[in-house]
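On a predicted model such as this, the values are computed, not experimentally measured, just so you know.
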Amino acid sequence: MITLGEYIIKNQAEYPSASGELSSLLSSIRRAAKVVNREINRAGLVTDIIGGSAGSDNIQGEAQQKLDVFANDVFKAALEARGEVCGIASEEEDYFVGFDDERQCNAKYIVLMDPLDGSSNIDVNVSVGTIFSIYRRVSEPGQPVTIDDFLQPGVNQIAAGYVVYGSSTMLVYTTGNGVHGFTYDPTLGSFCLSHENIRIPEQGHIYSINEGNYIRFPEGVKQYLKFCQEKDDATRRPYTSRYIGSLVSDFHRNMLKGGIYIYPSGTNSPNGKLRLLYECNPLAFMAEQAGGKATDGFRRIMEIKPTELHQRTPYFIGSCNMVDKAGEMMIEHSAE
Ligand SMILES: O=P(O)(O)OC[C@H]1O[C@](O)(COP(=O)(O)O)[C@@H](O)[C@@H]1O
Ligand SMILES: [Mg+2]
Ligand SMILES: [Mg+2]
């Protein structure tokens, strides 16, 4: 059994020019994930850091759960302490945070994160996650980070990943050489390699969407849902509907089994709900590395040039044949 720490070091050895900074950064994420995992396992109890609302809203006007704030603080502190990161941006931070001690100022990486994904599921014992995205800075080392360091297209990502806190806890990531999953073994206190080189089946039979918003969906999405629900034995339709309401958990299942997750625009939300920089880009990088696809219904997500830190985008991600089919219907019905 190889642990995540050993795997990171083994992979670093394959890159003689590697300086070890990315490995060290990934291990600080590994450490923070263990701390957050410990508290999530106690979700349901009410303490200062878990159980219910934090009594504050984030910049998007969403009520913050105590665990949103706790997870944000834990990941931010771990990234700051390690010294490989010159700045972070987070769903729970109004603006980006530049680290300014000398070592960090010279660091070459920035991290964007959704510290706790699926917040509405925390107190009801349903799986939640953490999402992270890593870039090289564009500003000069030694200079303060700027917004341009964070508004990079997804294709510039160096690494991305998530932690899913479910029946077991897994850390799944890519550095551009495939997608690898590690399951947390509490008896060892380590993440152990359990899913090497994950591949998304080209065709799946699961669709994930909040059908409660149906009347506000674009016509293309309505037509695609009709296609998913029609009977056709040859293509194993109707597909199965599965929606956990935690993006990480829905994506994780669909990545392993095949499927599509859609959070479209709506008549009341022209850009949908999900955030491009710390939800959509990192999972898009992983989907593509695993042989899948991610679009906004028309464009490749990772080619979108960001303009705002917390910008939202419609989202179609998963098995490439299913994302293609949904895209065809979006184009066909785009005038309606
Ligand atoms: O309740 P809705 O509108 O279906 O939205 C659920 C989606 O919103 C999210 O909870 C947004 O993420 P956060 O919990 O990090 O804000 C996704 O995880 C999930 O897929
Ligand atoms: Mg989220
Ligand atoms: Mg969140």
Side-chain angles (χ1 to χ4, degrees), residues 8 11-12 15-32 58-60 71-115 130-162 173-177 271 274-286 288-289 294 296 299-313:
I8 291 172
N11 276 301
Q12 184 193 309
Y15 300 88
S17 62
S19 60
E21 286 156 281
L22 183 60
S23 303
S24 167
L25 197 173
L26 288 171
S27 75
S28 63
I29 289 174
R30 169 177 51 116
R31 176 184 299 225
N58 63 22
I59 192 162
Q60 295 144 72
N72 187 57
D73 293 344
V74 169
F75 278 96
K76 191 166 75 175
L79 292 167
E80 183 166 14
R82 195 51 73 97
E84 317 300 354
V85 173
C86 53
I88 62 116
S90 162
E91 179 189 0
E92 306 309 335
E93 299 279 345
D94 294 1
Y95 206 44
F96 69 83
V97 180
F99 298 146
D100 46 24
D101 109 337
E102 202 204 331
R103 182 156 175 230
Q104 289 141 347
C105 262
N106 287 301
K108 63 181 177 196
Y109 295 113
I110 59 118
V111 176
L112 299 112
M113 62 182 179
D114 177 355
T130 292
I131 312 174
F132 62 90
S133 172
I134 302 171
Y135 292 82
R136 260 200 198 88
R137 66 187 304 168
V138 292
S139 57
E140 283 306 311
Q143 296 302 310
V145 286
T146 72
I147 188 66
D148 297 333
D149 288 304
F150 297 91
L151 298 183
Q152 299 188 50
V155 284
N156 291 5
Q157 288 176 100
I158 299 291
Y162 59 80
Y173 78 106
T174 184
T175 56
N177 297 296
N271 293 316
L274 300 176
R275 282 53 60 117
L276 175 63
L277 291 178
Y278 43 78
E279 290 174 317
C280 301
N281 268 334
L283 299 187
F285 187 21
M286 301 180 77
E288 292 193 6
Q289 280 288 311
D296 65 356
R299 299 171 294 174
R300 185 183 171 210
I301 283 285
M302 293 220 291
E303 284 170 10
I304 297 174
K305 175 71 185 84
T307 52
E308 289 164 43
L309 212 48
H310 301 285
Q311 76 183 73
R312 302 174 192 261
T313 178

Not counting sequence neighbours, list each pair that qualifies as a salt bridge (Lys or Arg N to Asp or Glu O under 4.0 Å) and has a residue in residues 133-149.
->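 Those involving residues 133-149 do not exist here.
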For residues 17-28, pull every pair meeting salt bridge (Lys or Arg N to Asp or Glu O under 4.0 Å), keeping only residues two or more places apart or in separate chains.
-> Glu21-Lys108
Closest approach of [X] and [Y], non-hydrogen atoms and distance?
X      : Y      : value
Ser27  : Arg82  : OG-NH1, 2.6 Å
Ala78  : Ala32  : CB-CB, 3.8 Å
Ala284 : Met302 : CB-CG, 3.7 Å
Leu309 : Ala89  : CD1-CB, 4.1 Å

Below 4.5 Å, heavy atoms only, C-beta onward: do [X] and [Y] meet side chain to side chain?
X      : Y      : value
Ile134 : Ile29  : yes
Leu276 : Ile304 : yes
Leu277 : His310 : no
Leu79  : Leu25  : yes
Tyr135 : Leu112 : yes
Val145 : Ile110 : yes
Pro115 : Lys76  : no

Partner residues of [X] under the salt bridge (Lys or Arg N to Asp or Glu O under 4.0 Å) criterion, sequence neighbours left out:
X      : value
Glu92  : none
Arg103 : Glu84
Glu303 : Arg300

How far does [atom1] of [X] sit from [atom2] of [Y], to the nearest 0.5 angstrom?
X      : Y      : atom1 : atom2 : result
Asp296 : Thr313 : CG    : OG1   : 4.5 Å
Arg31  : Leu26  : CZ    : CG    : 13.5 Å
Asn72  : Asp114 : CG    : CG    : 9.5 Å
Tyr173 : Met286 : OH    : CE    : 10.0 Å
Asn156 : Leu151 : CG    : CG    : 11.5 Å
Tyr278 : Ile88  : OH    : CD1   : 11.0 Å

Just say parallel, tilted or perpendicular for the rings of Phe150 and Phe96, cut-offs at 30° and 60°.
-> parallel
Output yes when a side-chain donor or acceptor of [X] lies under 3.5 Å from a complementary backbone atom of [Y], and no otherwise.
X      : Y      : answer
Glu279 : Arg275 : yes
Glu93  : Ser90  : no
Thr130 : Tyr162 : no

For Ile59 and Tyr95, what are the C-alpha separation, side-chain angles and deciding distance, and is it a side-chain contact (heavy atoms from CB on, under 4.5 Å)?
-> CA-CA 9 Å; Ile59 192 162; Tyr95 206 44; over 6 Å; no
Assess the side chains of Asn281 and Ser133: does a donor N or O sit below 3.5 Å from an acceptor N or O?
-> no
Using ring-ring contact (aromatic ring centres under 6.0 Å, His included) as the criterion, list what pairs up with Phe99, not counting sequence neighbours.
-> none
